[in-house]
Amino acid sequence: MLNTRTLMIVLAIAALAIAPAFIYPMLIVKLLCFAIFASAFNLMLGYTGLLSFGHAMFFGSAGYALGVTMKHLGWPPELGILAGVAVAALIGFLAGSVAIRRQGIYFAMITLAISQLIYFVAMQMEWTGRDDGFHGIPRGTLFGVIDLQDDMALYGLVAACFLLALFAIHRIVTSPFGQVLTAIRENEPRAISLGYDVDRYKVLAFTLSGALSGLAGALKALALSYESLNDLHWALSGEVVMMCILGGLGTLGGPVAGAFFVILLQNFLADKVGEWLSVIIGVVFLTCILAFRKGFVGEIGDWIEKMRARKGGSAAKQEGNR
């Protein structure tokens, strides 16, 4: 008999396998990239309690790193992706080492300032293409065997990275390291009193979140063969916050659901409502905050737990009557 977690994994893999038969593969690729990005951000806010307003710096920087290494240095896609992840992790380590010196809104503002600094540097560099963007990124051949010019082959790569990223996040948050992150979120002074080097854990969380965000950014740049300044802009950092809150902070599936919802809403309404899209998303976000305070997945999870508790209570009552 499959337990609930195993069943969900099997269903997720099955859904990824059959989805291209019903939905354009490149749309699913975009959804999965942003789902990885939102899940990486959730590692910071949902599990560690650190609000970053500058996560776009990892997403965009990784895309530029992949573009430079593949287009100008001739690296294969696997090395280009690793380069993007490495650059994002390095930025995460450096930015985290600076930002953790402050807490709360000051921490968030420092991350925003660092992100904007990287944005303006990229805007001034000729090799980034500035406002025109970095064009002509080749997809290449994965491991010298798989031609990523084929959309289905690219989809397979992104889907595999998506599953590996979720597995890595699950392992992180359920490990002793992840339990310390949760302790920091719930009661930082007590975590300090227990002897944990809180600053070191925060920097590690920032670095891991940056690396996973870089994976998402590198995959997106590879898929579109293009990288732009929009992926470094503060607006994208705000969008990923919204994705996580809509889906449910501190849950594995919440950021995925939130990313899917926001990207699909943008994709299907952008050409129909124009500038009103921001208003519609804002209304949806406000409604979710007021009616579903734990997000879509969080509320569903609470409802399932209540049903289980009620069922367990009824069973215990019947046993007692016997």
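Everything quoted here is computed from the prediction, not taken from an experiment.
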Contacts under 3.5 angstrom, residues 194-211 side chains, donor-acceptor by atom type, not counting sequence neighbours:
unit_1	atom_1	unit_2	atom_2	d
D197	OD1	R200	N	3.4
K202	NZ	E188	OE1	3.1
K202	NZ	E188	OE2	3.1
T207	OG1	V203	O	2.8
S209	OG	A40	O	2.6
S209	OG	H55	NE2	2.7

Can you tell me how far the [atom1] atom of [X] sits from the [atom2] atom of [Y], to the nearest 0.5 Å?
X	Y	atom1	atom2	value
N267	K30	CG	NZ	6.0 Å
M109	I114	CE	CD1	12.0 Å
L27	L32	CG	CG	9.5 Å

Return each pair, listed once, that meets side chain to side chain donor-acceptor pair (under 3.5 Å) where at least one residue sits in residues 107-128; pairs must be two or more places apart or across chains.
-> none
Which atom of [X] lies closest to which atom of [Y], heavy atoms considered:
X	Y	answer
N230	L236	O-CB, 4.0 Å
A218	A62	N-CB, 4.0 Å
F162	I36	CA-CD1, 3.7 Å
N42	T251	ND2-O, 3.0 Å
R190	S193	O-OG, 2.6 Å
S237	F53	CB-O, 3.2 Å

Group every Ile, Leu, Val, Met, Phe, Trp and Tyr by side-chain heavy-atom contacts under 4.5 Å, then state whether [X] and [Y] land in the same group.
X	Y	answer
L82	I146	no
I23	M26	yes
L215	L163	yes
M44	M242	yes
L43	F167	no

Could you go step by step and tell me if I100 and F107 meet the side-chain contact (heavy atoms from CB on, under 4.5 Å) rule?
-> CA-CA 7 Å; I100 61 164; F107 173 89; 4.3 Å; yes
Step by step, work out the side-chain contact (heavy atoms from CB on, under 4.5 Å) result for S39 and L212.
-> CA-CA 8 Å; S39 298; L212 289 167; over 6 Å; no
Just wondering, are more than 12 heavy atoms of other shown residues or ligands nearer than 6.0 Å to CZ in F177?
->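 Enclosed.
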R130, CZ atom: more than 12 neighbouring heavy atoms under 6.0 Å | yes
pair [X]-[Y]: side-chain heavy atoms closer than 4.5 Å:
X	Y	value
H233	L229	no
F285	L246	yes
P77	R139	no
F260	I28	no
L45	S52	no
K220	F34	yes
V173	L181	no
M243	I263	yes

In a check of ring-ring contact (aromatic ring centres under 6.0 Å, His included) between F59 and each of F37, W234, Y64, F41, which one passes?
-> F37
Please answer whether the main-chain N or O of [Y] pairs with a side-chain N or O of [X] as donor and acceptor at a distance below 3.5 Å.
X	Y	answer
T69	L66	yes
E227	F134	no
S213	A56	no

Identify which one of D147, L157, L222 satisfies the side-chain contact (heavy atoms from CB on, under 4.5 Å) criterion when paired with L142.
-> L157
Verdict with supporting geometry, Q266 and I281, side-chain contact (heavy atoms from CB on, under 4.5 Å) | CA-CA 9 Å; Q266 292 176 344; I281 292 178; 3.9 Å; yes
